[in-house]
Amino acid sequence: MKMAFRWYGEGNDSVTLHQIKQIPGVETIVWALHDMLAGEEWPMEKILEVKRQVDQYGFNIDVVESVNVHEDIKLGLPSRDKYIENYKRTIEKLAKVGVKVICYNFMPVFDWIRTDLFKELGDGSTSLFYEKSKVEDIDPMELVNKIANNPDYTMPGWEPERLENLTKLFDAYKDISVEDLFNNLQYFLEAIIPVCEENDIKMAIHPDDPPWPIFGLPRIITNQENIRRVLKLVDSPYNGVTLCSGSLGANPKNDIVDMVREFADRIPFAHVRNIKVYENGDFIETSHRSQDGTVDMVGIMKAYHGSEFNGYIRPDHGRHIWDEKCRPGYGLYDRALGIMYLLGIWDSLEQ
């Protein structure tokens with residue numbers, strides 16, 4: 001297992017590389033060029049600048065999260081081919097600086113959805129919260145205005161330029177079925193996986209968050225059966241999954257431990273985080289500790305250890321604790337605590 005930490009870049013993150021360096025066990029910085037629009041080819045000079053920054057602290061840049069997939073690819077439009085070509089060229093450039101994994105998603109319109117970015121927990125910390133009834137009743141634009149109205153940090157997946165044509169996007173997806181989305185994903189994978197194989201970079205698709213349809217939009221990376229199907233679309237070790245315990249764990253029917261055991265050799269990258277799911281379908285993100293949520297964090301780490309997992313793992317969304325001012329879900333303190341908890345489990349299994 002290789003421990004990683006997500007960083008949004010100089011001037012775009014409250015957390016510094018200097019601070020991350022002080023978290024024991026972290027080897028990898030999970031990064032991206034967050035100013036690049038989906039579908040654009042990444043410039044080599046920008047890639048090299050991130051590498052230069054990270055190299056100073058002795059980290060590697062093995063994992064990119066994310067090289068965003070253009071909506072035309074998800075929709076299966078004729079224009080998708082030019083965006084796929086850009087994606088291929090970006091893969092080739094990333095390989096030149098040592099990248100080994102690209103995390104991406106295939107979620108229509110929204111990357112993730114929450115109704116409250118700072119819901120207070122019983123201990124006084126705040127966290128990302130999903131209120132099921134509110135999503136069922138809210139106008140999508142109202143939710144966009146709430147999530148995107150974060151003046152200090154652009155929220156990934158909620159970039160203004162991406163959402164300014166929201167009405168047109170919803171209209172474009174009205175006739176796109178689950179099967180259409182699977183077919184469009186297969187087209188994309190069949191085009192890029194040969195390039196990944198040539199450049200030794202693994203693609204790792206992120207589950208839908210939450211793992212069910214939202215606002216009538218189709219979602220496909222929602223459960224064990226569908227992940228199994230995705231991995232068979234192009235049956236290559238370079239077609240993998242970013243197994244996110246928090247995203248999949250929002251549906252209590254998902255057995256994350258069993259997924260780890262089944263897909264271990266196709267999980268190049270994992271997000272290990274905890275959430276508490278309520279009987280009415282609401283959920284809130286908790287500390288990483290098993291007892292604080294619904295997800296069996298200890299069982300998940302045991303499954304990775306038992307599978308001799310040698311991929312990359314990072315703590316995912318953390319609470320906002322000790323009055324930290326940070327990007328929602330991406331502060332320093334609670335994610336650092338999460339790392340120490342995960343490493344503590346792992347170290348105990350190594351004895």
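As the structure is a computational prediction, the values presented were derived from the model and not from experiment. Residue numbers run from 1 in the order of the sequence given.
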Rounded to the nearest 0.5 Å, how far apart are [atom1] of [X] and [atom2] of [Y]?
| X | Y | atom1 | atom2 | answer |
| --- | --- | --- | --- | --- |
| Lys174 | Leu217 | NZ | CG | 13.5 Å |
| Cys244 | Ile256 | SG | CD1 | 8.5 Å |
| Ile23 | Leu337 | CD1 | CG | 9.5 Å |
| Ile275 | Asp282 | CD1 | CG | 11.0 Å |
| Ile61 | Trp7 | CD1 | CH2 | 10.5 Å |
| Leu248 | Leu243 | CG | CG | 5.5 Å |

**Asked** Can you list the steps and then say if Phe283 with Tyr130 is a ring-ring contact (aromatic ring centres under 6.0 Å, His included)?
**Response** CA-CA 5 Å; Phe283 62 86; Tyr130 179 93; 4.9 Å; yes
Quick one: does [X]'s side chain have a donor or acceptor within less than 3.5 Å of a partner on [Y]'s backbone?
| X | Y | value |
| --- | --- | --- |
| Asn226 | Thr222 | no |
| Arg319 | Glu285 | no |
| Asn239 | Val234 | yes |
| Asp209 | Ser247 | no |
| Ser307 | Ala264 | no |
| Ser127 | Lys119 | no |
| Arg266 | Ser236 | yes |
| Arg52 | Leu48 | no |
| Glu131 | Asp116 | no |
| Lys134 | Thr115 | no |

**Prompt:** With a cut-off of 6.0 Å (strictly less than), are more than 12 heavy atoms of other residues, nucleotides or ligands near CG of Asn280?
**Reply:**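 Count over threshold, so yes.
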**Message:** Surrounding CD of Glu350 (heavy atoms of other residues, nucleotides or ligands, distance under 6.0 Å), is the total greater than 12?
**Reply:**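 Check passes, neighbour count above 12.
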How about [X] and [Y]: do any of their side-chain heavy atoms sit closer than 4.5 Å?
| X | Y | answer |
| --- | --- | --- |
| Lys253 | Asn223 | no |
| Asn105 | Trp112 | no |
| Arg80 | Asn184 | yes |
| Val69 | Lys74 | yes |
| Val230 | Val241 | no |
| Trp42 | Ile91 | no |
| Met3 | Ile313 | yes |
| Phe269 | Lys202 | no |

Can you tell me how the ring of [X] sits relative to the ring of [Y], calling it parallel under 30°, perpendicular over 60° and tilted otherwise?
| X | Y | answer |
| --- | --- | --- |
| Trp346 | His305 | perpendicular |
| Trp322 | Tyr333 | tilted |
| Phe170 | Phe215 | perpendicular |
| Tyr57 | Phe59 | parallel |

State plainly whether one hydrophobic cluster holds both [X] and [Y], where clusters connect Ile, Leu, Val, Met, Phe, Trp and Tyr through side-chain heavy atoms under 4.5 angstrom apart.
| X | Y | result |
| --- | --- | --- |
| Val30 | Tyr304 | no |
| Val63 | Ile20 | no |
| Tyr8 | Tyr312 | no |
| Val195 | Ile205 | yes |
| Ile113 | Phe129 | no |

Which atoms form the tightest heavy-atom contact between [X] and [Y], and what is the distance?
| X | Y | answer |
| --- | --- | --- |
| Ile345 | Ser348 | O-OG, 2.6 Å |
| Met107 | Asp208 | CG-OD1, 2.9 Å |
| Ile339 | Val26 | CD1-CG2, 3.6 Å |
| Asp62 | Thr28 | N-CG2, 4.0 Å |
| Val101 | Ala204 | CG1-CB, 4.0 Å |
| Cys326 | Ser14 | CB-OG, 3.3 Å |

**Prompt:** So, are Lys46 and Glu41 salt-bridged, with charged N and O less than 4.0 Å apart?
**Reply:**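 Salt bridge between Lys46 and Glu41, a charged N being under 4.0 Å from a carboxylate O: no.
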**Message:** Between Lys82 and Glu85 (salt bridge meaning N to carboxylate O under 4.0 Å), is one present in this structure?
**Reply:**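 Salt bridge absent between Lys82 and Glu85.
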**Asked** Looking only at side chains, do His317 and Tyr330 share a donor and an acceptor under 3.5 Å apart?
**Response** yes
**Prompt:** Side chains of Asn86 and Arg89: do they bring a donor and an acceptor to under 3.5 Å?
**Reply:**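 Yes, Arg89 and Asn86 have a side-chain donor paired with an acceptor closer than 3.5 Å.
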**Prompt:** Residues in side-chain hydrogen bond (donor to acceptor under 3.5 Å, both in side chains) with Ser79, at least two apart?
**Reply:**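 Listed in chain order: Asp72.
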**Lys276 charged N/C atom sitting above Tyr278 aromatic ring, 6.0 Å / 45°** =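 Geometry flag: set, cation within 6.0 Å and 45°.
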**Message:** Tell me every residue that passes ring-ring contact (aromatic ring centres under 6.0 Å, His included) with His320, counting only those two or more places apart in sequence or in another chain.
**Reply:**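 His320: ring-ring contact (aromatic ring centres under 6.0 Å, His included) contacts with Phe118.
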